[in-house]
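In what follows, a single structure is set out as structure tokens and then discussed.
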Amino acid sequence: MIRNTLAAAVTLLLLAGPVHAQIVDTLAGFAHDDRGWSGGLGAAVATSGGNTERFDLSSAGRVQWASDDDRWRGLGAYGRATSRDETISESAFAHLRQNHRLTDRWWTLAFVQFAHEPFQKLSSRVLVGAGARLSLRVEEGRRIAVGAAPMLEWETLEGAGASDLDTRLSTFLDLETPLGEAVTLAATGFAQPRWEDLGDLRAVVNARLTVELADQLDLVIGGSYAHDANPPEDVRSDDWSLRTGLELSL
């Protein structure tokens with residue numbers, strides 16, 4: 001669990017990395033009731049030798065500042081893979097989001113995001129959007145929220161000389177509920193259709209089961225499924241991943 005002060009979440013065991021999706025989950029993993037600063041850091045390393053010589057390094061972090069009426073969130077991630085001292089893959093991601101309370105249930109929503117992902121042949125993608133978030137039900141340990149924001153998307157694919165500008169509608173559903181005193185289930189879903197062609201849809205669903213093993217140690221089991229109706233050439237429309245790990249909060 002994320003503490004009231006800035007925390008460090010260290011991934012000790014990782015069976016599968018996050019999905020290389022067009023949409024990144026920017027809602028999960030934050031403290032919803034804390035005020036002031038909170039956040040987390042994570043890192044993972046994998047290496048292999050013999051017939052396959054490869055070294056993979058990934059890191060990610062998130063930070064939040066919250067008051068009764070305002071909330072700022074930032075996320076960042078970096079991944080690099082090398083083989084025989086040569087970089088074969090490198091990815092980066094950054095996201096900044098702001099919410100302001102209008103009523104007990106309604107919040108504003110504004111964000112800016114950058115991504116570079118070679119698995120999607122994505123040289124760069126920049127998103128800028130603004131909209132609203134509605135908390136349908138908020139109880140201790142249980143959340144249900146929906147949101148929508150029109151956004152501009154500047155995308156440059158590898159080998160392309162210029163960026164494409166599109167307008168999309170970004171929508172989300174955010175759920176969290178306790179399954180017992182030490183078990184929590186969280187799920188988020190994003191859908192981003194293009195205004196000019198609603199069939200050009202990007203979507204992702206994430207689920208995360210957290211089991212508290214000790215005061216500062218959690219077992220985390222998660223899965224993701226992503227779909228892109230119009231992916232770049234030679235990129236599949238569907239992605240999925242499963243992951244298991246331990247998170248230590250300090």
Kindly give the heavy-atom pair with the smallest separation between [X] and [Y], and that separation in Å.
X      : Y      : answer
Ser224 : Arg243 : OG-NH1, 3.2 Å
Leu201 : Pro193 : CD1-N, 3.6 Å
Thr210 : Arg208 : OG1-NE, 3.6 Å
Ala115 : Leu122 : O-CD2, 4.1 Å
Arg54  : Ala81  : NH2-CB, 3.6 Å
Arg168 : Asp200 : NH1-O, 3.0 Å

To the nearest 0.5 Å, how far apart are [atom1] in [X] and [atom2] in [Y]?
X      : Y      : atom1 : atom2 : answer
Leu127 : Leu152 : CG    : CG    : 9.5 Å
Arg35  : Trp65  : CZ    : CH2   : 10.0 Å
Glu53  : Ser83  : CD    : OG    : 6.5 Å
Leu109 : Arg71  : CG    : CZ    : 10.0 Å
Leu179 : Leu209 : CG    : CG    : 6.5 Å
Trp107 : Gln98  : CH2   : CD    : 9.5 Å

Side-chain heavy atoms nearer than 4.5 Å, only ILVMFWY residues, links allowed to pass through others: does that put [X] and [Y] together?
X      : Y      : answer
Trp72  : Val63  : yes
Phe172 : Leu175 : no
Leu169 : Phe190 : no
Leu134 : Ile144 : yes
Leu185 : Val211 : yes

Residues in salt bridge (charged side-chain N to carboxylate O under 4.0 Å, His left out) with Asp85, at least two apart? none
Results of salt bridge (charged side-chain N to carboxylate O under 4.0 Å, His left out) for Glu86 - residues two or more places apart only: none
Will you find, in the side chains of Asp174 and Thr188, an N or O donor that is under 3.5 Å from an N or O acceptor? no
Residue pair Ser170 / Gln192, side-chain donor-acceptor N/O under 3.5 Å: yes
Going by an N to O cut-off under 4.0 Å, is there a salt bridge joining Arg202 and Glu155? yes
Given side chains that start at C-beta, do those of [X] and [Y] come closer than 4.5 Å, heavy atoms only?
X      : Y      : result
Arg73  : Arg62  : no
Glu117 : Ser91  : yes
Thr82  : Leu57  : no
Thr171 : Val146 : no
Val45  : Phe55  : yes

Treating Asp228 as the side-chain partner and Ser237 as the backbone partner, does any N or O pair qualify as donor plus acceptor under 3.5 Å? no
Is the ring pair Phe111/His95 parallel, tilted or perpendicular, if the boundaries are 30 and 60 degrees? parallel
With sequence neighbours excluded, what pairs up with Thr87 under the side chain to side chain donor-acceptor pair (under 3.5 Å) test? Arg80
So for atom CH2, which belongs to Trp154, do other residues, nucleotides or ligands contribute more than 12 heavy atoms lying within a distance under 6.0 Å? yes
Tell me whether the count of non-hydrogen atoms from other residues, nucleotides or ligands lying under 6.0 Å of CZ in Arg142 goes above 12. yes
